[in-house]
Amino acid sequence: MESFRNRVDKNNIPKHVAIIMDGNGRWAKKHGKARVYGHESGVESVRSVVEGAGEIGIKHLTLYAFSTENWNRPKNEVDALMELLVHAIEMETKSLMKNNVRLSTIGNIEAMPPKVKEKLNGCIDALKLNTGLNLVLALSYSSKWEIVNATKNLVRDAIDKKIKPEKINNELFESYLNTAGIPDPELLIRTSGEYRISNFLLWQIAYSELYFTEKLWPDFRKEDLFEAVFDFQTRERRFGKISEQLIS
Ligand code: FPP
């Protein structure tokens, strides 16, 4: 079978793809290793998918790397994930630069350990002039946190008379979200055979196509991303209209 890379329609590439990277722990268990080994192997998948996304012209790739709820994991796993992030940023900045990738984050970055923040800021700064893929890491992120936070800031601005309540609409509300300025993802992928959204981009996925795969995240590679994009391209996106109303 020909590679999905050659089968995807280059004129219909989603601008924004979001991924819930799941199954690292189960992958490690399957291989008789500690959970952290699964996370380490997951970094390989991140590398491959970031490369692949750039190659087919995806503009924004959002990866759910650490959720607000993940803080409740055993301390040794949280510490290992933070270490891994620092290490991955150190190791990958050069190749991200070579691939013209920009880096940004969504989530409560203030909650991240100082070392992670420092590395992230260094990397974001080093890559800020790049014009290719925007890699968005969701860190200490949850959608309910984001929406509550946006509401807080919006109410504050209303009290300060910077906005009028009657002017509040979708666009204005979106400008208060962490994803302001980034188009909503057309495609959301979740690995590992779980059929949940897990508090990820709830506002932004109102009309996203959802793609679930049994593959565990450490087994996921760019070819799997191309397959998901190919599948996306076979779907009819109606946005509440009927087929006949769609302009082909
Ligand atoms: C979910 O698998 C994965 C995570 C909570 C962490 C994802 C992190 C990485 C892939 C590595 C670092 C990322 C970057 C961007 C460099 P799980 O632990 O929930 O797996 P399980 O459901 O099988 O237990």
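All ligand and atom numbering here is 1-based and tracks the order in the structure. In this chain, residues are counted from 1 in sequence order. Values reported hereafter were calculated over all heavy atoms of this structure, with side chains retained and with hydrogens, waters and symmetry mates removed.
Counting only N and O atoms by type, the side chains of His87 and Glu40 include no donor and acceptor under 3.5 Å apart. The closest side-chain donor-acceptor pair between Glu223 and Ser3 falls under 3.5 angstrom. When only modelled atom types and interatomic distance are considered, Glu236 and Ser243 share a side-chain donor-acceptor pair under 3.5 Å. Checking Asn108 against Ser140 by side-chain atom types alone, no donor-acceptor pair falls below 3.5 Å. Thr213 and Arg190 share no side-chain donor-acceptor pair at under 3.5 Å.
Taking the centre and axis of the six-membered ring of Phe226, the NZ or CZ atom of Arg5 falls outside the cone set by 45° and 6.0 Å.
The two residues Asp157 and Tyr176 have their closest heavy-atom pair at OD2-OH, 2.6 Å. Counting all heavy atoms, side chain and backbone alike, Asp219 lies closest to Ser45 at N-OG, 4.3 Å.
For atom 8 (C) of ligand 1, the nearest protein heavy atom (residue, atom name, distance) is Ala65 O, 3.8 Å. Shortest contact from atom 5 (C) of ligand 1 to any protein heavy atom: Asn70 OD1, 3.6 Å. Distance from atom 9 (C) of ligand 1 to its nearest protein heavy atom, with residue and atom name: Asn24 ND2, 3.9 Å. Residue, atom and distance of the protein heavy atom nearest to atom 12 (C) of ligand 1 are Val43 CG2, 4.1 Å.
With a 4.0 Å heavy-atom cut-off, ligand 1 is reached by no atom of Glu69. Residue contacts with ligand 1 for Leu137 involve side-chain atoms from C-beta outward but no N, CA, C or O (heavy atoms, distance under 4.0 Å). At a heavy-atom cutoff of 4.0 Å, ligand 1 is contacted by no atom of Trp27, backbone or side chain. Neither the backbone nor the side chain of Glu92 comes within 4.0 Å of ligand 1, counting heavy atoms alone.
When the heavy-atom distances from atom 16 (C) of ligand 1 to Ser45, Gly193, Ala88 are ranked, the shortest goes to Ala88. When the options Val86, Ile19, Ile20, Val46 are ranked by their closest heavy atom to atom 14 (C) of ligand 1, first place goes to Val46. Of the candidates Lys29, Met21, Glu44, Met21 brings a heavy atom nearest to atom 1 (C) of ligand 1.
The closest approach between a heavy atom of Arg73 and any atom of ligand 1 is below 4.0 Å. Residue Arg35 places a heavy atom under 4.0 Å from ligand 1.
Among the atoms of Gly25, some N or O lies under 3.5 angstrom from an N or O of ligand 1. Here's the thing with Trp217: none of its N/O atoms is less than 3.5 angstrom from an N/O atom of ligand 1. Polar contact check, Asp22 against ligand 1: a nitrogen or oxygen pair lies under 3.5 Å apart.
Residue Glu146 is tested with Leu202, Leu177, Asn199, Thr151 for a side-chain contact (heavy atoms from CB on, under 4.5 Å); the sole match is Leu177. Between Ile182 and the choices Lys59, Lys15, His60, the side-chain contact (heavy atoms from CB on, under 4.5 Å) rule is met once, by His60.
Heavy-atom contacts of Arg26 reach the following atoms of ligand 1: 21 (P), 22 (O), 23 (O) (cutoff under 4.0 Å).
Residues Glu110 and Lys117 are paired through a salt bridge, judged by an N-O separation under 4.0 Å between the basic side chain and the carboxylate.
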